Amino acid sequence: ALGASLLVTVPALHAAAQKNVDVRLSIASPVVQGDVDVVIKVTVTNTARHPVMLLSWQLPSDELDGPLFRITRDNQKVGYLGPIVKRGAPQATDRIKLDPGASLSYDVELTGAYDLSASGRYSIEYASRGKHGDAVSLGSDPLYVWLEGRSAKPVPPPPPPPGGSS
């Protein structure tokens, strides 16, 4: 009986270790009208009783430098249009210490990095994966936002055939 309880307890402890960082998304209004920037608030909280170390590039900054969000519109994946920065192994200066109970909040403008040009129901999730083996992955529950009155970006015409004329 003791062996069975240990087998049940070990996965629970591992699952608890994965949940030391809580990521929450919020927006001023769940309905956004017109062709305006979509800005969400990302709040990252250490729920553990000990400090946790995060990689700076797992967190949003003034400009996104990688696809930190998983976004769908009406259940279809929305493309990431922003830059993707390749990184080497993390250095000490790349790590951010988050004390127990402490939170970091960021206002993130998504319109410049994701194709939010069409009206519809959007699901936005934070999905920052740890790299280099020692970093935790950060994720959030979905935030649902309805974008209305968007004027979809026009599709550019196909290029003319090579060497062809009209």
Side-chain angles (χ1 to χ4, degrees), residues 11 14-48 52-91 94-96 98 103-162:
H14 179 69
Q18 297 280 330
K19 298 192 182 278
N20 286 339
V21 179
D22 180 52
V23 180
R24 301 209 179 216
L25 306 180
S26 59
I27 191 166
S29 172
V31 178
V32 178
Q33 297 280 342
D35 290 325
V36 297
D37 289 343
V38 176
V39 178
I40 64 169
K41 181 178 281 299
V42 178
T43 303
V44 179
T45 303
N46 177 0
T47 59
V52 295
M53 298 302 287
L54 302 173
L55 293 173
S56 60
W57 57 75
Q58 288 183 285
L59 302 170
S61 60
D62 293 340
E63 292 185 21
L64 294 177
D65 56 12
L68 296 178
F69 297 88
R70 185 179 313 119
I71 301 178
T72 61
R73 182 188 68 249
D74 302 325
N75 297 320
Q76 300 296 313
K77 184 179 177 180
V78 171
Y80 174 73
L81 308 172
I84 297 178
V85 175
K86 295 198 182 252
R87 302 189 186 279
Q91 305 298 313
D94 295 322
R95 299 184 190 279
I96 296 174
L98 191 57
S103 294
L104 299 170
S105 289
Y106 305 89
D107 288 328
V108 182
E109 193 280 306
L110 296 174
T111 317
Y114 292 88
D115 180 8
L116 304 179
S117 60
S119 297
R121 180 179 183 256
Y122 286 78
S123 169
I124 304 169
E125 294 176 65
Y126 198 76
S128 173
R129 288 188 210 96
K131 304 258 194 254
H132 306 288
D134 65 343
V136 295
S137 293
L138 302 178
S140 72
D141 288 336
L143 171 70
Y144 296 100
V145 180
W146 185 262
L147 302 184
E148 294 180 344
R150 308 292 275 186
S151 42
K153 295 176 185 169
V155 178

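For clarity, every value in this text was computed on a predicted model and none was experimentally measured.
Note that CD1 of I27 and OH of Y144 are 14.5 Å apart. Values are rounded to the nearest 0.5 Å. Taking OG of S128 as the reference point, atom CZ of R70 lies at 11.0 Å (rounded to 0.5 Å). Atom CZ of residue R121 and atom CG of residue L147 lie 12.0 Å apart, to the nearest 0.5 angstrom. For the atom pair CD1 (I71) and OH (Y80), the distance works out to 10.5 Å, reported to the nearest 0.5 Å. Note that the CG atom of L68 and the CG atom of L110 stand 10.0 Å from one another [nearest 0.5 Å]. We find the CD1-CD distance between I96 and Q58 to be 9.5 Å, quoted to the nearest 0.5 Å.
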- Task: Before giving the answer on side chain to side chain contact (heavy atoms under 4.5 Å, CB included), spell out for L143 and K41 the whole-Å C-alpha distance, their side-chain angles and the decisive distance to 0.1 Å.
- Result: CA-CA 11 Å; L143 171 70; K41 181 178 281 299; over 6 Å; no
- Could you walk me through whether V38 and R150 pass the side chain to side chain contact (heavy atoms under 4.5 Å, CB included) test, one step at a time? CA-CA 11 Å; V38 176; R150 308 292 275 186; 4.0 Å; yes
- Task: Before giving the answer on side chain to side chain contact (heavy atoms under 4.5 Å, CB included), spell out for Y122 and V32 the whole-Å C-alpha distance, their side-chain angles and the decisive distance to 0.1 Å.
- Result: CA-CA 11 Å; Y122 286 78; V32 178; over 6 Å; no
- Query: Could you walk me through whether L54 and R95 pass the side chain to side chain contact (heavy atoms under 4.5 Å, CB included) check?
  - Reply: CA-CA 6 Å; L54 302 173; R95 299 184 190 279; over 6 Å; no
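The two residues V39 and E109 have their closest heavy-atom pair at CG2-CG, 4.0 Å. Summarising the geometry of D94 relative to A89, their closest heavy-atom pair is OD2-O, 4.3 Å, with the distance given to 0.1 Å. Of all heavy-atom pairs between T111 and D37, the closest is OG1-CA, 3.2 Å. Taking each heavy atom of S105 and T43 in turn, the nearest pair found is OG-OG1, 3.2 Å. The two residues G149 and S119 come nearest to each other via the heavy atoms N-OG, 3.2 Å. Closest approach of V78 to L116, counting heavy atoms only: CG1-CD2, 4.3 Å.
Paired with Y126 under the rule side-chain contact (heavy atoms from CB on, under 4.5 Å), one option of V108, V44, V42, D141 passes, and it is V42.
Side-chain contact between P67 and I84: present, with at least one pair of heavy atoms (C-beta onward) separated by less than 4.5 Å. For the pair T45/R24, no side-chain contact is recorded, criterion being any heavy-atom separation below 4.5 Å from C-beta on. Residues I124 and Y114 form no side-chain contact, since every pair of their non-hydrogen atoms from C-beta on lies 4.5 Å or further apart.
Under 3.5 Å, the side chains of S151 and D35 contain a donor-acceptor pair of N or O atoms.
Counting only distance, with no hydrogens or angles, the side chain of N46 and the backbone of L98 share a donor-acceptor pair below 3.5 Å.
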